Amino acid sequence: MPELPEVEGYRQYLEATCLHQPIEALDVEDTKLLTTDPITLAETLSGVSFTGTRRVGKNLFVFTDKPGVIVRMHFGMSGSLEYYHSSLDRPRHARIVFYFRGGFNLGFICPRKFERVGLVEDVDAFLKSKKIGKDALELTVEELAAALVNRKSVIKSTLLDQSVAAGVGNWIADELLFQARIHPEKPANELSTTEVEALREAIQQVLLTAIEKEARYAHFPESFLIHARAWDTSPYANSEQHLLCPRCGSELEIMRVGGRTTYFCPVCQQR
DNA sequence: CTGGATGTTATTGT
DNA sequence: AACAATAACATCCA
């Protein structure tokens, strides 16, 4: 589930495997996944090597040895990367493949086709045009407070807005609000200074923990709300019948906020 | 077989 | 105009 921690993992993975190998060819199974037309993409990347990476929110930018040529990847709801050698090992759903000289390949895995790959000339200009704000991990408490003060909508939806804190996705928003003890439907502009500080603290703690655990939810601390979610398989995972708060033991509530499934503890997170 | 899923964007509504 | 809520997108899996 590629939110900020997963994308950070992919960034490190690509950086560890794919740099300084000229691209010989591209295989694009479905051009809908591209934000640059396939001919231009193939011609531009031919013979080019990746030289470095930068992640902002859920976006991964890959720099090349050709000026003004940057590859942007977005992993949608289910994307990932896999570096492999033999074409026999081509992973399932590797709908875009970068073939490097030397025989290694980078597969851009997209089971659900919500993923995107394309060229970008300038990262900051791209971010601006897409209204992507500061990466959640870079956000200061003052910036967070400033981003919330004029927002009348509920805090959970506000956190999912990539212009506020880039990289926060659905489970992370729930986790942040749980750790900061804020009700998901509280209007963003009604958060107290203390709550904004707690939120900023939670952003750091939750994201750094998730990155450190390589986004493997089963390895997250027992104090995390995420174990209530159905796809968690850790020993702390709550059964479907009994979703209990890891802090106070109360029954968790599941509701829809801003159209997204939302878990929270009605006792720890008062309105 | 139906429903729901991690994200983003276009569209509709206020 | 600005903001907010919703549907749609394409697949997979329980």
Side-chain angles (χ1 to χ4, degrees), chain A residues 1-10 28-35 55-60 72-81 91-96 107-118 120 126-133 135-136 147-178 184-190 206-207 210-211 213-218 220 224-234 237-241 243 254-263:
Chain A
M1 329 305 148
E3 301 181 30
L4 188 152
E6 286 90 346
V7 179
E8 176 59 21
Y10 303 150
V28 178
E29 194 182 287
D30 187 339
T31 53
K32 274 185 187 161
L33 301 168
L34 300 181
T35 56
R55 182 193 56 74
V56 179
K58 301 167 195 171
N59 294 273
L60 174 57
R72 175 237 178 192
M73 301 178 176
H74 192 288
F75 297 91
M77 301 235 292
S78 56
S80 62
L81 293 177
R92 198 172 169 217
H93 306 308
R95 301 188 204 270
I96 298 175
F108 183 81
I109 320 280
C110 23
R112 242 155 278 186
K113 295 192 180 179
F114 280 7
E115 302 74 11
R116 292 295 179 267
V117 169
V120 162
F126 173 83
L127 295 173
K128 200 170 178 184
S129 73
K130 289 284 183 178
K131 297 193 172 68
I132 295 165
D135 187 78
L148 301 183
V149 70
N150 285 324
R151 296 275 184 152
K152 281 175 283 191
S153 72
V154 299
I155 184 62
K156 162 141 184 186
S157 304
T158 307
L159 285 173
L160 289 174
D161 184 334
Q162 298 300 293
S163 72
V164 172
V168 175
N170 199 38
W171 79 256
I172 291 180
D174 285 359
E175 192 69 58
L176 299 177
L177 293 170
F178 173 72
E185 286 184 312
K186 186 157 187 168
N189 60 0
E190 289 178 18
V206 168
L207 293 180
I211 291 169
K213 303 291 181 191
E214 299 174 313
R216 288 141 68 169
Y217 310 133
F220 289 5
F224 273 43
L225 186 69
I226 195 173
H227 303 300
R229 295 190 114 89
W231 26 268
D232 182 83
T233 53
S234 73
N238 280 307
S239 75
E240 284 204 33
Q241 292 78 8
L243 299 162
I254 303 176
M255 66 189 304
R256 290 187 80 81
V257 177
R260 322 288 282 162
T261 302
T262 300
Y263 289 66

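Proteins get letters first, then strands, A, B, ... in listed order; numbering begins at 1 in each. Not measured: the values here are computed from a predicted model.
Between B:dT8 and A:Lys58, a contact under 4.0 Å exists linking OP1 or OP2 to a side-chain N or O. Distances shown here put every side-chain N or O of A:Lys32 at or beyond 4.0 Å from the OP1 or OP2 atom of C:dC9. For C:dC12, the OP1/OP2 oxygens have a side-chain nitrogen or oxygen of A:His93 closer than 4.0 Å. Considering only side-chain N and O atoms, A:His74 lies under 4.0 angstrom from the phosphate OP1 or OP2 of B:dT8. In this structure, A:Lys152 does not reach the C:dA4 phosphate: none of its side-chain N or O atoms is under 4.0 Å from OP1 or OP2.
Under the 30°/60° scheme for interplanar angles, the aromatic rings of A:Tyr217 and A:Trp171 are found to stand perpendicular.
A donor atom on one side chain and an acceptor atom on the other are found under 3.5 Å apart for A:Glu115 and A:Ser78. For A:Thr262 and A:Arg256, the side-chain atoms include no donor-acceptor pair closer than 3.5 Å. Between the side chains of A:Lys130 and A:Asn59, no donor-acceptor pair of N or O atoms lies under 3.5 Å.
Distance A:Leu33 CG to B:dG7 C1': 14 Å, rounded to the nearest Å. Spacing between atom CG of A:Leu159 and atom P of B:dG7 amounts to 12 Å, rounded to whole angstrom units. Look at CD on A:Glu29: it is 15 Å from P on C:dA10, rounded to the nearest Å. B:dT8 atom P lies 17 Å from atom CE of A:Met73, rounded to whole Å. In this structure, A:Lys113 atom NZ and B:dA5 atom P are separated by 23 Å, rounded to whole Å. Between the NZ atom of A:Lys156 and the C1' atom of C:dA4 there is a distance of 16 Å, given to the nearest Å. Rounded to a whole Å, the CG atom of A:Leu160 is 12 Å from the P atom of C:dA5. Rounded to whole Å, atom P of B:dG7 lies 11 Å from atom CG of A:Leu4.
With B:dT9, C:dA5, C:dA10 as the candidates, the nucleotide lying closest to the side chain of A:Ser153 is C:dA5. Nearest nucleotide to the A:Lys130 side chain, out of C:dC13, B:dT9, C:dA10: B:dT9. Taking every side-chain heavy atom of A:Glu3 into account, B:dG7 is the closest of B:dA5, B:dG7, C:dC12.
A:Gln162 comes within contact range of the sugar-phosphate backbone alone, with a heavy-atom separation under 4.0 Å but no base atom that close. Using a 4.0 Å heavy-atom cutoff across all strands shown, A:Gly259 reaches no nucleic acid atom at all.
Searching all strands for a Watson-Crick or G-U wobble partner of C:dA1 with both distances below 3.5 Å returns nothing. Summarising the base pairing, C:dA10 is matched to no nucleotide, lacking a Watson-Crick or G-U wobble pair whose two defining distances lie under 3.5 Å.
As rounded to the nearest Å, C:dA10 and B:dT11 have P atoms that lie 15 Å from one another.
Scanning all heavy atoms of the two residues, the minimum distance from A:Pro5 to A:Ala215 falls at CB-CB, 4.2 Å. Minimum interatomic distance between A:Arg92 and A:Ile109 (heavy atoms only, all atoms of both residues): O-CG2, 3.4 Å.
Comparing A:Arg260 and A:Asn150, the nucleotide of DNA chain C nearest to each residue sits closer to the 5' end for A:Asn150.
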